[in-house]
Visitor: 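Pasting in a structure now, in structure tokens, and then I'll have a few things to ask.
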Amino acid sequence: MYALVDCNNFFVSCERTLDPTLENKPVVVLSNNDGCVVSRSKEAKDLGIPMAAPAFKYKELFRKHDVKSFSAKFELYNFKSQRVIEISTAYVDKADFEVYSIDELFLNLTSFKYINIYDYCVKIKNEIKDKENLPVSIGIAPTKTLCKVANRIVKDFPDKFHGVYSLDTPEKIEKALKWLDIGDVWGIGRRLAAKMHDSRVYKAWDLLQKPEMWVRKIMGIHGVRMINELKGIRQLELDSPSPKKSIAVTRSFMEMLTKKEDVRERVETFGMYCSERLRKQNTCCKMITVFVQTNRFRKDLPEYRNAVTKVLSNPTNSSILIGRVVNELFESIFKEGFHYKKAGVIVNDFVPEDQRLISLFEEDAQNQHLPVMKAMDAMNKKYGKDKVRLGSMSGENTFGRAQLSPEYEAFLKNNTLTEANFRFH
DNA sequence: TCTGGGGTCCTAGGACCC
DNA sequence: TCTGGGGTCCTAGGACCC
């Protein structure tokens with residue numbers, strides 16, 4: 001069996017650990033620029049606040065029901081995530097788990113033949129609650145997809161299951177799949193859900209009644225795997241952490257930018273963050289993409305969006321070299337006369353730092369830059385983000401964040417938050 | 001006035017090769 | 001007028017996840 005440990009309303013629950021008076025009250029956490037709702041307490045969900053709701057549309061509702069809202073504090077969430085991982089993984093053999101996202105991890109319980117797995121998971125749940133004051137739900141099942149189903153059941157019937165549920169018999173599985181809407185199956189998104197409804201597939205169970213060829217046609221190889229997983233036949237293994245295949249730094253701006261130099265400063269900064277993250281995993285990139293966009297919601301303003309990608313002749317992770325390319329790409333797509341709302345830099349096609357193949361004809365400054373770059377990284381790690389930076393960066397954010405609470409300031413003080421503490425998915 | 005950010009995988013089609 | 005067969009690699013776009 002596998003178990004899926006999933007934190008309930010994770011960001012909101014983290015906020016509650018700093019301020020216990022938020023318990024039992026409607027609470028939401030907002031994205032950058034305080035734009036969208038990204039986490040909701042149960043009370044907030046009950047008020048009808050949907051996921052990803054634009055905050056400004058719900059201001060009135062927030063006021064009326066005294067909904068507490070917070071700007072996202074990712075240092076805090078990453079820190080708490082790490083604690084949950086440490087506690088949970090102490091219950092399984094070394095490396096017998098998969099950190100799936102900031103608030104979810106799978107545990108492999110296959111080797112535990114002579115213990116009561118349900119009781120074991122209750123223990124895990126209680127320890128996380130006792131030590132970190134974070135509520136979690138644990139779904140137990142023979143496959144990852146069914147673990148998701150079990151987890152869903154825990155969350156939807158809180159009075160019945162108290163945080164842990166095990167899909168451990170064919171009868172339970174059948175009952176669950178006849179209950180679960182097809183759109184709530186892991187791997188079925190909005191588009192596929194609509195297609196399913198067109199074909200009169202409404203419940204997860206209905207999908208199992210369809211011929212495999214049909215599923216193969218509509219969903220590709222994913223669909224076949226999904227069907228087996230739902231039947232309890234394992235198709236997805238637990239993955240060990242792997243280096244990233246792409247790195248993206250993209251931001252919406254608090255206010256729309258019209259000056260070319262302002263947008264340029266932003267994309268150059270994003271390029272530098274990409275470079276830093278490349279160096280952190282000791283890889284170089286071979287491709288760089290830059291994009292710029294106007295505000296797609298402002299129908300009264302002319303719209304423009306464009307992206308351009310360059311393949312490098314020599315892989316690099318030097319901030320200077322990447323900055324140069326970013327600048328060149330930016331020049332090729334920037335157009336005067338628009339109100340820019342969002343931009344980003346994406347790097348991909350990675351090779352390890354020490355396995356670069358160098359073009360015979362292009363000059364390669366990567367190795368000259370690397371020692372300087374690593375020294376820069378070391379200083380920034382010691383003295384703080386962006387303390388040492390390229391001249392092209394202003395070092396300021398153009399997205400806003402609410403004032404930090406005294407509790408949070410205290411948290412930051414008491415916990416040395418080096419990136420090394422975190423494991424990003 | 002105000003609408004997030006960061007990932008992965010799969011597939012179809014085109015370019016190119018022999 | 002007629003125009004093979006079998007590959008590989010790359011890319012853009014679509015779908016999904018949190």
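Lettering follows sequence order; numbering is per chain, from 1. Because the structure is predicted, anything quoted here is derived from the model rather than measured.
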Visitor: Does a side-chain N or O of A:Asn32 approach OP1 or OP2 of B:dG5 to a distance below 4.0 Å, or not?
Guide: yes
Visitor: Counting only side-chain heavy atoms from C-beta out, which of B:dG4, B:dC10, C:dC18 sits nearest to A:Lys148?
Guide: C:dC18
Visitor: The side chain of A:Asn295 is closest to which nucleotide in this list: B:dT3, C:dC17, B:dT11?
Guide: B:dT3
Visitor: Among B:dG5, B:dT1, C:dC16, which is the nearest nucleotide to the side chain of A:Arg298?
Guide: B:dT1
Visitor: Picking from C:dC18, C:dA15, B:dG5, which would you name as closest to the side chain of A:Ser252?
Guide: B:dG5
Visitor: By the 4.0 Å heavy-atom rule, please label A:Ile346 as base, sugar-phosphate, or nothing.
Guide: nothing
Visitor: Give A:Lys195 one of three labels, base, sugar-phosphate or nothing, depending on what nucleic acid heavy atoms sit under 4.0 Å from its own.
Guide: nothing
Visitor: Choose from B:dT3, B:dG7, C:dC16 the nucleotide whose nearest atom is closest to any side-chain atom of A:Arg277.
Guide: B:dG7
Visitor: If you check the A:Lys245 side chain, which of C:dC16, B:dG4, B:dC9 turns out closest?
Guide: B:dC9
Visitor: Can you identify which nucleotide, out of B:dT11, B:dG6, B:dG4, has its nearest atom closest to the A:Val38 side chain?
Guide: B:dG4
Visitor: Taking the side chain of A:Leu192 as heavy atoms from C-beta outward, which of B:dC2, C:dC17, C:dA15 is closest to it?
Guide: C:dA15
Visitor: Using atom CD1 of A:Ile218 as one end and atom P of B:dT11 as the other, report the distance to the nearest whole Å.
Guide: 14 Å
Visitor: Hey, is the side chain of A:Ser246 poking within less than 4.0 Å of OP1 or OP2 on B:dT8, counting only N and O atoms?
Guide: yes
Visitor: Side chain of A:Arg225, heavy atoms from C-beta onward: which of C:dA15, B:dC10, C:dC18 has the nearest atom to it?
Guide: B:dC10
Visitor: Side chain of A:Lys244, heavy atoms from C-beta onward: which of C:dC18, C:dA15, B:dT8 has the nearest atom to it?
Guide: B:dT8
Visitor: Between A:Met219 and A:Ile188, is a side chain to side chain contact (heavy atoms under 4.5 Å, CB included) present by the stated rule, with each step listed?
Guide: CA-CA 9 Å; A:Met219 301 177 58; A:Ile188 302 277; 3.8 Å; yes
Visitor: Would A:Phe56 count as stacked on B:dT3 if the rule is ring centres under 5.5 Å and plane angle under 30°?
Guide: no
Visitor: For A:Leu30, report the nucleic acid contact type (base, sugar-phosphate, nothing); a contact means any heavy atom under 4.0 Å.
Guide: nothing
Visitor: Would you call A:Glu15 and A:Lys68 a salt bridge, using N to O less than 4.0 angstrom?
Guide: no
